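This report concerns only the one structure given below.
Please read all numbers here as calculations on a predicted model, not as lab measurements. In what follows, every heavy atom counts, from backbone to side chain, and hydrogens, waters and symmetry copies are set aside. Proteins get letters first, then strands, A, B, ... in listed order; numbering begins at 1 in each.
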Amino acid sequence: MASSLPNEQTFITAAKRGDVDAFNRLVLHYQDGVYSLAYRIMGDEASAADAAQEAFILAYRRLETYQGGSFKAWLLRIATNACYDELRRRKRRPATAFEDLPGAEADDGPPLPSDEISPEQAVQQAELRRAIEGCIRGLQTDQRTVLLLSDVEELSYQEIAAITGVNLGTVKSRLSRARLGVRGCLEAFRELLPSGFRQSSNQ
Amino acid sequence: MLTDQDYERLSAYVDGELSKAERTALETRLDADAELRTELEAIRATIGLLAALPARKAPRNFTLDARTARRAAPRVLFLPAAAFSALSAAAATVLIALSALLYSGAQVAPLASSIALAPTQADAFQREAQATLSSTPLSTEKQSTTASPAQPEESAVMDAAGSAPSVENADQSADNLPAAAPIQESESTVMQFAAPNTTADANLAASGMSAAASAPMLEQAAATPVALSTATPAPTLAPPTATPAPMPASVPQPDNSLPALLLIIGLALLVASITVGVRMGTRWR
C-alpha cells in the first residue's frame, strides 16, 4: 500500500471538521491499498468493493477516534474489521461462502507495463501474482489476515496485534504458519518464481 | 528436521522481533546448521514475493458524496432522534397508563383536573360557562367582571382546570379584579378560564407532550408576583382545599371514547418511538 500522503495530517484535520473534499483526498490516495487488502481477505471483487466502500464510510464516521500515529494502520484496521463483518455475514448464509464460488474472480489483466518489460514478462508477472494470491486465499482467515498485514502492508507485530485483537505471541505463530503455508503452496508454481526462490527451496 | 518453534524463531528473526538473547542463540545455530540457513532464506524469499505483490486497482472510486457523508455523520441526527424516541416512549407510557386508569373507572374527578380532557368535554364546560356567565369565555376582562364566584358550575369547572396557559390568563384577570375581591373569587376566575383551554391541553398531549409537562409551567406561573397574591392556590394536581362550594352532582363523567383515544395515541407514540430507536440502532454502528 502506498506510503502516506504528503500533508496528510492537514487533510485529516480538515476532514475531522467535516470537510468531505479533504477526506476524499485521503480516500483517493488509499483506496487501491484498502481495496487490495479487502480483495485478498475476501477473495472476490464484488465483496471487496463493498467492504472497501463500507470501510471508508466507517472511517469518515469514526474520524474522531483517530488520535495520531499511522493513519494507514488506522485505516487498515477499519478495513480489516469491515471484511470480517462481511465474512461473518456470509457464514450465516453458507450457500454463498466464497470458498464455493467457482473460479473466484476474473483477472483484471496484466499489471501496467513498467519501464522495460516485454509482453511475455508482463504475462508471467500476472500469472505469478495470481499464483501468490491463490496461495494466500488458501490460508485460514486468521493466518491470511496476519500475513497480509505483515508482509504485504508491512505493519509491525504491535500494529497487527492491535488490529486483530490477539497478543504478540499469537501474531508471531500465525505469521510463521502462514509463511510456511504460502511457501509450500508456491512450490507448485516453481517455474514462475524468481531464481532466488527456486534456489532456496530447491533441496 | 525443524520444529514449529524453529520456524517461528526464524520468522520473527527476519522481522527483527526476537529478543537479544534469542537472536544471539539463533545466530549461533545458523552458523552451524545448513538446513536452518536454507529455511531462513526460503522465508526471506517468500516475504520478498509478498512484498512485491502489486496493489490491485480499485474498480471504482470510493469517495463519499455529500449525501453519504451526511448520513455517515450521525452525530447531527443522533441526539434529536434519541430525544424524540425517549420522549415519545415516556408520553406513550403516560397515555397508556392513563387510559387504563380512566377505563378502570377509578375516581377520576381530582385526577382529571391535571390531565388532558377530550375536546367534547371541554366544549361541554365551555357551554356551561357561557350559559352561566353569558359572556365570551376568551375575553378575559368581561369574564372577570361578570363572574359570580358562588355559582357551583364554576366550581365544577375549576376541577377540570390545570393547564399552564390558563393560569397565565388568570393572572391577567386577577389583575383586573377589584383589590377587595376575596381570594375565593379569584380562584373561581382562574378555574373558569381554564375550561376552554383544556382543548389545547388535549392537543398538547396528542403531539407527544405528557400531561406532566404542565407541572413546571404551573410553578413558573405561581412564581409571578400577581399569582402569589391572588392565584397562589392555583389548580395544580391536588384539588384546592379552600373551595367552599360543594362538589356539584353534575360533574360530567368522561365518556368511554376517551380511554380508547388515549390508548390509540399512546400506542402510536410507542410504535414511533420503537421505529426511530431501531433505525437509530442500525445506523449507529
Side-chain angles (χ1 to χ4, degrees), chain A residues 1-2 18 20 23-25 27-28 30-36 39-40 45-46 48-49 52-53 55-58 60-61 64 85 108 111-112 125 128-129 132-133 136 147-148 150-152 154 156-157 168 171-173 175-177 179-180 182-183 186 193-194 196-201 203, chain B residues 1-19 22 33-78 282-285:
Chain A
M1 187 150 141
V20 183
F23 183 75
N24 282 337
R25 289 287 298 272
V27 174
L28 290 173
Y30 286 112
Q31 63 181 3
D32 287 350
V34 167
Y35 171 76
S36 297
Y39 175 83
R40 287 160 186 161
E45 288 176 4
Q53 184 67 78
F56 282 116
I57 291 172
L58 286 175
Y60 184 73
R61 183 180 293 172
E64 285 301 319
D85 283 348
D108 61 1
L112 296 175
Q125 277 190 7
L128 175 61
R129 186 183 65 167
I132 295 171
E133 286 182 339
I136 293 172
L147 181 89
L148 289 168
S150 167
D151 293 350
V152 180
E154 300 180 332
S156 72
Y157 283 21
L168 286 177
V171 171
K172 203 185 279 190
S173 65
L175 184 55
S176 173
R177 269 177 280 147
R179 284 167 172 170
L180 271 183
V182 167
R183 181 192 155 202
L186 283 176
L193 300 176
F197 190 90
R198 248 174 295 178
Q199 272 171 11
S200 62
S201 58
Q203 54 143 5
Chain B
M1 190 62 197
L2 300 184
T3 65
D4 283 353
Q5 263 196 338
D6 290 331
Y7 280 112
E8 256 178 58
R9 283 201 196 93
L10 288 172
S11 177
Y13 176 70
V14 173
D15 296 325
E17 297 273 353
L18 285 184
S19 70
E22 287 173 317
D33 190 336
E35 189 193 1
L36 207 59
R37 281 198 301 276
T38 308
E39 291 306 310
L40 178 65
E41 287 316 306
I43 291 171
R44 282 197 171 127
T46 306
I47 294 170
L49 284 174
L50 291 166
L53 202 58
R56 286 193 162 252
K57 186 99 188 72
R60 56 184 165 90
N61 282 340
F62 297 124
T63 47
L64 308 190
D65 58 30
R67 199 162 145 261
T68 312
R70 265 199 308 280
R71 277 212 312 264
R75 285 182 295 277
V76 189
L77 290 169
F78 187 68
T282 55
R283 287 272 281 281
W284 185 258
R285 284 193 293 143

- Query: When only pairs under 4.5 Å are counted, which of A/Asn24, A/Val20, A/Ile136 shares the most heavy-atom pairs with chain B?
  - Reply: A/Asn24
- Message: Within the 3.5 Å criterion, strictly below it, is a donor on B/Arg60 or A/Gln53 matched to an acceptor on the partner's side chain?
- Response: yes
- Item | Choice from B/Ile43, B/Val14, B/Asp15 maximising heavy atom contacts with chain A below 4.5 Å | B/Asp15
- Under 4.0 Å between a Lys/Arg side-chain N and an Asp/Glu carboxylate O for A/Asp151 and A/Arg179? yes
- Task: Report the option among B/Ala51, B/Pro59, B/Ala12 that has the most heavy-atom pairs separated by less than 4.5 Å from atoms of chain A.
- Result: B/Pro59
- Report the residues that fulfil ring pair (Phe, Tyr, Trp, His ring centres under 6.0 Å) with A/Phe56, sequence neighbours left out, ordered by chain and then residue number. none
- Item | Side chain B/Glu41, main chain B/Thr38, donor-acceptor under 3.5 Å | no
- Task: Could you tell me which portion of A/Arg25 (side chain, backbone, both or neither) has an atom closer than 4.5 angstrom to a non-hydrogen atom of chain B?
- Result: neither
- Message: The criterion is side chain to side chain contact (heavy atoms under 4.5 Å, CB included); which residues satisfy it with A/Ser173, sequence neighbours excluded?
- Response: A/Arg177, B/Glu8
- Pick one of side chain, backbone, both or neither for A/Ile57, based on which atoms fall under 4.5 Å of a heavy atom in chain B. both
- Region of A/Leu148 that comes under 4.5 Å of a non-hydrogen atom in chain B: neither
- Give a yes or no on whether a salt bridge exists between B/Arg9 and B/Glu22, defined as a side-chain N under 4.0 angstrom from a carboxylate O. no
- Item | Heavy-atom contact with chain B under 4.5 Å, split by part of A/Glu154 | side chain
- Task: Identify which part of A/Leu168 has an atom lying under 4.5 Å from any heavy atom of chain B, answering side chain, backbone, both or neither.
- Result: neither
